[in-house]
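It should be emphasised that the depicted structure is a prediction, and the values quoted were computed from it without experimental measurement. Index from 1, following the sequence.
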Amino acid sequence: KAEKKVKSLAEYQGDCFVLRDGHWIAMSTSDLVPGDVVEVTENLQMPCDAAILSGEVVADESSLTGESMPIRKFPMPDDSTPYRSQGASKNNTLFAGTTVLTATPIDPDKQVTALVTATGTSTDKGKLVQKILFPSEVSFVFNEHLKGVICILLLWGIVCFGLSLWLMGRGDINSWFYGLFVISQVMSPLLP
């Protein structure tokens, strides 16, 4: 039930305008693919990771980072710098799950556009939800070493049991009780 709730929080479907074959068409955000050019408008919840091509954007990233201050985003520079969603290009990227507060075009006759770079679980938000739903298994070093420690203690208990029988008399009942007492002290039930 909890996994379904997390999955429903991660999914978002709405409508947006996409530039395909030279025409702006309205389509569902679930049909977006990397390489699409989308129109960025105010109060748009980003369904994908996208690089801003034109215009300036102020985005609320509090749902991803917890940062309460809106972040100003700028269009990609016209140079040969390779694009990476993290690092230097972070100020040019709109992340999935963030809300666009304002979208200001540079030219009043044009709209603010962005290029879709990742959708679904390839987005930063998708990777975060995937880690929540399917966490990686953690191997504790203590659990790996515990088997060796118990084997060493068991061998030491056997040695102490043998020494108590040999030193206190081989047939005496007291030596057997003392030997069992030594083993119970070495292999304490409180050890695990």
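At least one donor-acceptor pair under 3.5 Å links the side chain of D49 to the backbone N or O of A96. Between the T119 side chain and the P34 main chain, no donor and acceptor come within less than 3.5 Å of each other. Judged purely by atom type and a 3.5 angstrom limit, D60 uses its side chain to pair as donor or acceptor with the backbone of S62.
Taking the side chain as every heavy atom from C-beta outward, P70 and T102 never approach each other to under 4.5 Å. A heavy-atom distance below 4.5 Å is found between the side chains of P77 and N92.
Counting side-chain heavy-atom gaps under 4.5 Å among Ile, Leu, Val, Met, Phe, Trp and Tyr, the cluster of L115 also holds F17, L19, W24, V37, L53.
I25 and V38 are not part of a single hydrophobic cluster, where members link through side-chain heavy atoms under 4.5 Å apart. Tracing side-chain contacts under 4.5 Å through hydrophobic residues (I, L, V, M, F, W, Y), one reaches F134 starting from I132; they form part of the same cluster.
When all heavy atoms of T29 and C16 are compared, the closest pair comes out as CG2-SG, 3.9 Å. Here the shortest heavy-atom pairing between K73 and I52 reads CB-CD1, 3.3 Å. In plain terms, the two heavy atoms of I71 and E61 that are nearest each other are CG1-OE1, 3.9 Å. Of all non-hydrogen atoms in T123 and G120, the two that sit nearest each other are OG1-O, 2.9 Å. Heavy atoms only, all atoms of each residue included: C48 and A118 are closest at CB-O, 3.2 Å. Between R20 and D31 the shortest heavy-atom distance is NH2-O, 3.4 Å.
For the atom pair OG1 (T99) and CE (M46), the distance works out to 10.5 Å, reported to the nearest 0.5 Å. Taken from CG in L101 to CG in L44, the straight-line distance is 11.0 Å, to the nearest 0.5 Å. Residue L94 holds its CG atom at 9.5 Å from OG1 of T117, rounded to the nearest 0.5 Å. Rounding to the nearest 0.5 angstrom, the gap separating the CE atom in M27 from the CG atom in L32 is 6.5 Å. Atoms NZ and CG, from K90 and D124 in turn, are 8.5 Å apart once rounded to the nearest 0.5 Å. Here OG1 of T104 is found 6.5 Å from CD of E56. Values are rounded to the nearest 0.5 Å.
For F177, the CZ atom counts as loosely surrounded, since its 6.0 Å shell holds 12 or fewer non-hydrogen atoms of other residues, nucleotides or ligands. In this structure, D79 places its CG atom where more than 12 heavy-atom neighbours from other residues, nucleotides or ligands lie under 6.0 Å away.
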Atom pairs and distances, donor-acceptor, side-chain atoms in residues 149-165, under 3.5 Å, two or more places apart:
unit_1, atom_1, unit_2, atom_2, d
S164, OG, C160, O, 3.4
S164, OG, F161, O, 2.8

